[in-house]
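Model, not experiment: these values are computed from the prediction.
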Amino acid sequence: MGSRLRRMLSETLARRKDPAEERVFTSPATGRPMERAQLTAAARTALLRGGLEGVSLRDLCAEGRRADHSRMLAEQAAAQGWLERGDVMRLLGVSRTAARQQLLRLREAGVLVRVGERYYPAGAVTPPEEQLAVIQTYLREHGSGRRQDFLRLLNVSPAQGTQILRRLTARGELILTGRRYTLPKGN
């Protein structure tokens with residue numbers, strides 16, 4: 001970014017005492033608010049000099065908002081333990097579709113892991129593709145296990161753990177006898 005635009009942004013940020021205050025760029029020479037054309041020209045020049053010919057100031061602002069939203073959602077997921085689409089809709093004030101897109105971006109970036117309808121911070125839960133292997137390893141070591149054992153092992157909510165175990169049982173990858181799960185013969 002050009003030194004003039006960088007300096008103007010830094011000065012404006014330093015002058016703001018109240019975050020809710022309107023953001024007005026002033027001309028370095030006169031101290032008056034800059035005309036839109038002057039600001040646009042300064043931003044465009046900075047982008048061209050920075051090698052960002054195909055990028056607009058709007059694109060940079062949108063990317064900054066996306067980064068802020070991603071950081072906020074990651075912090076919320078860490079504090080709460082998970083995120084659901086409704087949480088994102090409430091936090092960002094966006095539609096169901098926009099909330100889903102934000103969650104997908106975070107999942108693709110490796111920040112969140114989706115288990116059922118919830119999105120957990122990466123590393124906090126066992127990813128879906130590894131759940132069967134983790135359960136099978138546990139059952140090979142212990143012979144059988146209860147639902148609570150797998151909830152702790154996978155670090156998921158009780159409702160999600162129940163769904164996971166039902167799905168694995170329905171596919172024949174686990175056998176439920178009473179309240180204990182075992183591996184089918186030959187595994």
Are the side chains of Arg152 and Asn155 in contact, using a 4.5 Å heavy-atom criterion? no
Are any of the side-chain heavy atoms of Thr126 and Leu153 separated by less than 4.5 Å? no
Any chance you could measure Leu168, atom CG, to Ile175, atom CD1, to the nearest 0.5 Å? 12.5 Å
Can you list the steps and then say if Arg90 with Asp87 is a salt bridge (charged side-chain N to carboxylate O under 4.0 Å, His left out)? CA-CA 5 Å; Arg90 182 179 39 79; Asp87 297 327; 3.4 Å; yes
Rounded distance (nearest 0.5 Å) linking atom CD1 of Ile164 with atom CG of Leu132: 11.0 Å
Validation row: Leu183, Ile135 side chains within 4.5 angstrom (heavy atoms): no
More than 12 heavy atoms of other residues, nucleotides or ligands under 6.0 Å from CZ of Arg171: is that the case? yes
Which atom pairs, one a donor and one an acceptor, fall under 3.5 Å between side chains of residues 110-121 and the rest of the protein, sequence neighbours left out?
residue: Arg114; atom: NE; partner: Gly116; partner atom: O; Å: 2.8
residue: Arg114; atom: NH2; partner: Gly116; partner atom: O; Å: 3.4
residue: Arg118; atom: NE; partner: Glu84; partner atom: OE2; Å: 3.0
residue: Tyr120; atom: OH; partner: Gln160; partner atom: OE1; Å: 2.3

Taking all non-hydrogen atoms of both residues into account, name the closest pair between Leu83 and Ala77 and its distance. CG-CB, 3.8 Å
According to a 4.5 Å side-chain heavy-atom criterion applied to Ile, Leu, Val, Met, Phe, Trp and Tyr, with indirect links allowed, do Leu176 and Leu151 form part of one hydrophobic cluster? yes
Minimum heavy-atom separation for Ala99 and Arg85, please, with both atom names. CB-CG, 3.7 Å
Neighbour count above 12 (heavy atom, 6.0 Å) for Arg167 CZ: yes
Using the rule that Ile, Leu, Val, Met, Phe, Trp and Tyr join whenever any side-chain heavy atoms are under 4.5 Å apart, tell me whether Met89 and Leu106 fall into a single cluster. no
Can you pull the side chain to side chain donor-acceptor pair (under 3.5 Å) pairs that have at least one residue in residues 103-112, sequence neighbours excluded? Gln102-Arg105
Does a side-chain heavy-atom distance below 4.5 Å link Gln148 with Pro158? no
Do Gln131 and Gln136 have side chains that get closer than 4.5 Å, going by heavy atoms? no
Measure the CG-CZ distance between Leu174 and Arg180 for me, rounded to the nearest 0.5 Å. 13.0 Å
Using the rule that Ile, Leu, Val, Met, Phe, Trp and Tyr join whenever any side-chain heavy atoms are under 4.5 Å apart, tell me whether Trp82 and Val88 fall into a single cluster. no
Separation between NE2 of His142 and OG1 of Thr182, rounded to the nearest 0.5 Å: 14.5 Å
I need the Leu91 CG to Met72 CE distance, nearest 0.5 Å. 5.5 Å
Salt bridge present between Arg71 and Asp68 (N-O < 4.0 angstrom): yes
Taking atom CG of Leu73 and atom CD of Gln76, what is their separation to the nearest 0.5 Å? 8.0 Å
